[in-house]
Protein chains: 2
Amino acid sequence: MDSEIRRLRAEHDLSQADLARLVGVSRQTINAIETGRYDPSLTLAARLARHFGKAIEEVFHVQDS
Amino acid sequence: MDSEIRRLRAEHDLSQADLARLVGVSRQTINAIETGRYDPSLTLAARLARHFGKAIEEVFHVQDS
DNA sequence: TCCATATGACAAGCCTGCTTGACATCGCTC
DNA sequence: GAGCGATGTCAAGCAGGCTTGTCATATGGA
């Protein structure tokens with residue numbers, strides 16, 4: 001799953017650890033999402049999108065399979 | 001996680017099995033989501049929302065915690 | 001050079017999304 | 001009453017999200 005997390009995080013001048021703390025997950029989870037090693041849960045995707053004031057679909061580009 | 005799936009499915013006159021087939025999961029998965037036994041993955045949430053022409057946030061009401 | 005911060009990644013373990021297969025119940029129609 | 005579609009739920013099993021802990025590497029500043 002492709003996402004805008006890395007870009008948004010950079011725009012907001014946050015480290016992976018900062019963002020992780022802000023949305024309540026571990027640093028490794030943010031890293032794994034940014035590097036595409038796994039997809040976030042719906043709950044985490046919603047928290048991340050909300051944090052950046054965006055819709056989930058604007059932040060995560062789900063395959064239209 | 002609270003959702004509009006049951007209402008939307010009824011509006012579209014679909015059985016759980018119909019909707020399951022349309023989005024490519026098992027009937028039990030749709031049932032479990034409707035009865036709140038578990039939350040869908042981001043991918044499935046996106047497929048369901050897209051099927052009904054809605055944003056994910058309009059269909060799934062994620063706790064704001 | 002040394003230290004701190006940031007990032008990438010791995011392993012083990014837990015929890016849960018999702019599967020197939022099965023069974024029960026309900027409401028409807030024959 | 002028998003059969004059928006729809007729904008609810010359970011069990012076992014697999015896959016993957018997420019955790020903590022750890023290590024390696026790069027970069028920048030004192």
Side-chain angles (χ1 to χ4, degrees):
Chain A
M1 167 125 19
D2 180 57
S3 89
E4 302 293 325
I5 290 295
R6 179 162 303 204
R7 190 180 58 69
L8 290 165
R9 180 173 64 76
E11 276 179 21
H12 289 248
D13 207 35
L14 297 168
S15 69
Q16 292 179 347
D18 289 335
L19 180 55
R21 196 171 13 78
L22 287 167
V23 299
V25 293
S26 69
R27 176 184 73 81
Q28 287 86 335
T29 293
I30 299 297
N31 183 271
I33 290 168
E34 288 191 357
T35 55
R37 287 205 305 290
Y38 56 69
D39 299 343
S41 65
L42 176 54
T43 302
L44 178 51
R47 261 187 265 152
L48 285 164
R50 194 175 294 159
H51 182 82
F52 291 119
K54 304 258 182 197
I56 295 175
E57 285 93 340
E58 290 179 297
V59 178
F60 297 96
H61 309 307
V62 182
Q63 293 253 86
D64 39 341
S65 89
Chain B
M1 167 127 18
D2 181 56
S3 89
E4 302 293 325
I5 289 295
R6 180 162 306 211
R7 189 181 59 71
L8 290 165
R9 181 173 63 76
E11 276 180 21
H12 289 247
D13 207 34
L14 297 168
S15 69
Q16 293 179 346
D18 290 335
L19 180 56
R21 196 171 13 79
L22 287 167
V23 299
V25 293
S26 70
R27 176 184 72 82
Q28 287 86 335
T29 292
I30 300 298
N31 183 272
I33 290 168
E34 288 190 358
T35 56
R37 286 205 307 286
Y38 55 67
D39 299 344
S41 66
L42 176 53
T43 301
L44 178 51
R47 260 186 266 153
L48 285 164
R50 193 175 295 160
H51 182 82
F52 291 118
K54 305 257 181 197
I56 295 175
E57 286 92 341
E58 291 179 294
V59 178
F60 297 96
H61 309 308
V62 183
Q63 293 253 82
D64 39 340
S65 89

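Worth saying up front: this structure is predicted, and the values here are computed from it rather than measured.
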Student: What is the distance, rounded to the nearest whole Å, between atom CZ of A:R27 and atom P of C:dT7?
Tutor: 8 Å
Student: Taking CZ from B:R6 and P from D:dA6, how many angstroms apart are they, rounded to a whole number?
Tutor: 14 Å
Student: Holding to ring-ring contact (aromatic ring centres under 6.0 Å, His included), I want the full list of residues that pass it with A:H12, two or more places apart in sequence or in another chain.
Tutor: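 Scan of A:H12 (ring-ring contact (aromatic ring centres under 6.0 Å, His included), adjacent residues dropped) gives A:F52.
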Student: Phosphate oxygens OP1/OP2 of C:dG8: is one of them under 4.0 Å from a side-chain N or O of A:Q28?
Tutor: no
Student: For the CG atom of A:D39 and the CZ atom of A:F60, what is their distance to the nearest 0.5 Å?
Tutor: 9.0 Å
Student: Rounded to whole angstrom units, what separation is found between the CG atom of B:L42 and the P atom of C:dT16?
Tutor: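 Rounded to the whole Å, the gap is 18 Å.
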Student: Measure the distance from CZ on A:R47 to P on D:dC18 and round it to the nearest whole Å.
Tutor: 9 Å
Student: Which value, rounded to the nearest 0.5 Å, describes the distance between B:E34 atom CD and B:R7 atom CZ?
Tutor: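 Spacing of CD (B:E34) from CZ (B:R7) equals 12.0 Å.
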Student: Once you round it to whole Å, what is the distance between P of C:dT5 and CG of A:L19?
Tutor: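 Nearest whole value for this atom pair: 19 Å.
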Student: It should be established whether A:S41 places a side-chain nitrogen or oxygen under 4.0 Å from OP1 or OP2 of nucleotide D:dG17.
Tutor: no
Student: Got a second to check how far B:L48's CG is from B:L22's CG, nearest 0.5 Å?
Tutor: 10.0 Å
Student: Check whether the side chain of A:R37 and the base of D:dG16 form a donor-acceptor pair under 3.5 Å.
Tutor: no
Student: When rounded to the nearest 0.5 angstrom, what is the spacing between CZ in A:R6 and CG in A:N31?
Tutor: 7.0 Å
Student: What is the distance from CZ of B:R21 to C1' of C:dT19, rounded to the nearest Å?
Tutor: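 After rounding, the reported distance stands at 17 Å.
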Student: Pull out every residue in residues 29-36 of chain A that has a heavy atom closer than 4.0 Å to any atom of DNA chain C, ordered by number, or say none.
Tutor: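 Heavy-atom cutoff 4.0 Å gives A:N31, A:T35.
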Student: When you measure from the side-chain N and O atoms of A:R9 to the phosphate of C:dA6, is any distance below 4.0 Å, counting only OP1 and OP2?
Tutor: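 For A:R9, the contact criterion (side-chain N or O under 4.0 Å from OP1 or OP2 of C:dA6) is not met.
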Student: Distance check needed: D:dG17 P versus A:I5 CD1, whole Å only.
Tutor: 15 Å
Student: Rounded to the nearest 0.5 Å, what separates atom CG in A:D18 from atom CG in A:D13?
Tutor: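 So the gap between those two atoms works out to 8.5 Å.
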Student: Taking only the side-chain heavy atoms of A:V25 (C-beta and beyond), determine which of C:dT20, D:dT19, D:dG17 contains the nearest atom.
Tutor: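 In terms of side-chain proximity for A:V25, the closest of C:dT20, D:dT19, D:dG17 is D:dT19.
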Student: Rounded to whole Å, how long is the line connecting atom CZ of A:F60 with atom P of D:dG17?
Tutor: 12 Å
Student: Any side-chain N or O of A:Q16 below 4.0 angstrom from OP1/OP2 of C:dT5?
Tutor: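 No, no such contact exists.
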Student: Kindly compute the distance separating CD (B:Q63) from OG1 (A:T43), expressed to the nearest 0.5 Å.
Tutor: 8.5 Å
